[in-house]
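To find a chain, count down the sequence lines: A is the first, B the second, and so on, and within it residues start at 1. For the numbers below, each heavy atom of this structure counts, side chains included, while hydrogens, waters and symmetry mates do not. What you are looking at is a predicted structure, and each value in this text was computed from that prediction instead of being measured.
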2 protein chains.
Amino acid sequence: MAGDIPDIVIGRLPIYLRALTHMAAEGESLTTSSHDLGRRLGISSAQIRKDLSHFGEFGKQGTGYNINYLFEQLRQILHLDQEWPVVLVGAGSIGHALAYYQGFKHRGFEIRWIFDNDPSKIGQDMNGMIVQDMSILAELIVDEGVQVAILAVPAAAAQQNTDLLVKAGIRSILSYAPINLAVPPEVHVRYTDPVVQLQRMTYYLD
Amino acid sequence: MAGDIPDIVIGRLPIYLRALTHMAAEGESLTTSSHDLGRRLGISSAQIRKDLSHFGEFGKQGTGYNINYLFEQLRQILHLDQEWPVVLVGAGSIGHALAYYQGFKHRGFEIRWIFDNDPSKIGQDMNGMIVQDMSILAELIVDEGVQVAILAVPAAAAQQNTDLLVKAGIRSILSYAPINLAVPPEVHVRYTDPVVQLQRMTYYLD
């Protein structure tokens, strides 16, 4: 099951999961195929079959995959059959947008706490949560056993905040700061930088 | 020069560019090496040398890369020696955060126009821009020759808006909608979905 499955394969599973959610919502069929999924995602059907084969047999030749079954299996593989409480660090405009973002619901995550070090932000209400002082962040992470954090602070503050999060026990960080972070090998970081994404595409423009 | 360089290689160039920007700002050295860069980015030095070799010779064995020179070369390769005007579709909380995001500056992009179809948002000021009615979006794209768009609308509206953008002449779309979009082969789409990034990491949590 686990072992040394390449991270790039793991990275495609949430994409499959998202497509299956849309298929289930559309309700047009109870089953799908690697061809269906591939066409929808712009990924080859061979790639999809190979990715899924790392985790077992999910479909039969000719009958395809049961959408709900494959959905549940992927949820379990990704440990999304539970809801992960998330701590959000940074209550600026990105933090604000994340606090109000509806897309976490039913997808395994809930932002439960928001922290900032700006006295003008501390005490503010954001979508029912009160922005708390960074000075009590580490204690909260330890007490609540939080493992997932979203970092929405300026680049200059990102490494320092990362060190604090990691020391307190955070194991997964999604960072909006436009800088690469140093973390120990047991901690995973993913980056969201809209400019990096845009720059990747202008290569193809004249 | 161009030819069939894998998109995954192109995707790493903005990461190198960002690291070089930080190195230049730190001002500790005029030169760097594939080892330096690799350590900072968690990418092997061999990978970095191989990626860069697609585009020519940027450094000499033993002396490494001149930071400013490599920075300028990568900027040119990615067509960032000009500023791309960007149209933002969607003035909700994500659109709002993007309108105020400081990170586009000096990195090749400027959001110049914001559109929404919600009458309560049209006419609002966002960071000096007035939210405009979607009904005039296509005309503006054609008139201004805009090629880059950011899509920050709900999943249900994303494909319809994409079709409109593509028809008007947009060639690069950064989408915040949690859904895969169908576009013709000459159009590039990149996706930003925080949940997909988080889900990719919970695989490694217990």
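- The neighbour count for Leu30(A) CG, taken as heavy atoms of other residues, nucleotides or ligands under 6.0 Å away, does not exceed 12.
- Using a 4.5 Å cut-off between heavy atoms, Phe104(A) contacts chain B through both its backbone and its side chain.
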Could you go through the side-chain contact (heavy atoms from CB on, under 4.5 Å) check for Arg18(B) and Asp193(A) one step at a time?
CA-CA 10 Å; Arg18(B) 197 173 67 180; Asp193(A) 180 344; 2.9 Å; yes
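- Rounding to the nearest 0.5 angstrom, the gap separating the CG atom in Asp206(A) from the CD atom in Gln147(B) is 6.5 Å.
- From Ile150(A), atom CD1 reaches atom CD of Gln197(B) across 10.5 Å, with rounding to the nearest 0.5 Å.
- Using a 4.5 Å cut-off between heavy atoms, Val196(A) contacts chain B through both its backbone and its side chain.
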Tell me, with the steps shown, if Leu198(A) and Ser172(B) meet side-chain contact (heavy atoms from CB on, under 4.5 Å).
CA-CA 8 Å; Leu198(A) 290 169; Ser172(B) 298; 5.7 Å; no
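- Among the residues in residues 178-189 of chain B, those with a non-hydrogen atom closer than 4.5 angstrom to a non-hydrogen atom of chain A are Pro178(B), Ile179(B), Asn180(B), His188(B), Val189(B).
- No more than 12 heavy atoms of other residues, nucleotides or ligands lie within 6.0 Å of CD in Glu57(B), so this atom counts as exposed by the packing criterion.
- Between the side chains of Tyr204(B) and Asp7(A), at least one donor N or O lies within less than 3.5 Å of an accepting N or O.
- Checked by atom type and distance alone, the side chain of Thr202(A) pairs as donor or acceptor with a backbone atom of Leu78(B) at under 3.5 Å.
- Side-chain contact check for Ser93(A) versus Tyr101(B): every heavy-atom pair is 4.5 Å or farther apart.
- Using a 4.5 Å cut-off on side-chain heavy atoms (C-beta onward), Ile94(A) and Leu98(B) make no contact.
- Of the two parts of Val195(B), the backbone and the side chain both hold a non-hydrogen atom closer than 4.5 Å to a non-hydrogen atom of chain A.
- If you tally non-hydrogen atom pairs under 4.5 Å between each of Thr192(B), Leu80(B), Val86(B) and chain A, the highest count goes to Leu80(B).
- Considering only heavy atoms from C-beta on, Pro194(A) stays 4.5 Å or farther from Phe109(B) through its side chain.
- Of all heavy-atom pairs spanning Leu174(B) and Met201(A), the tightest one is N-CE, 3.9 Å.
- Residue Leu13(B) does not touch chain A at all, counting heavy-atom pairs closer than 4.5 Å.
- One distance of note links NE2 of His96(A) with OH of Tyr100(B); it measures 12.0 Å at 0.5 Å rounding.
- In terms of modelled atom types and a separation under 3.5 Å, the side chain of Gln199(B) and the main chain of Arg107(A) share a donor-acceptor contact.
- Using a 30° and 60° split on the angle between ring planes, Tyr203(A) and His79(B) fall in the parallel class, below 30°.
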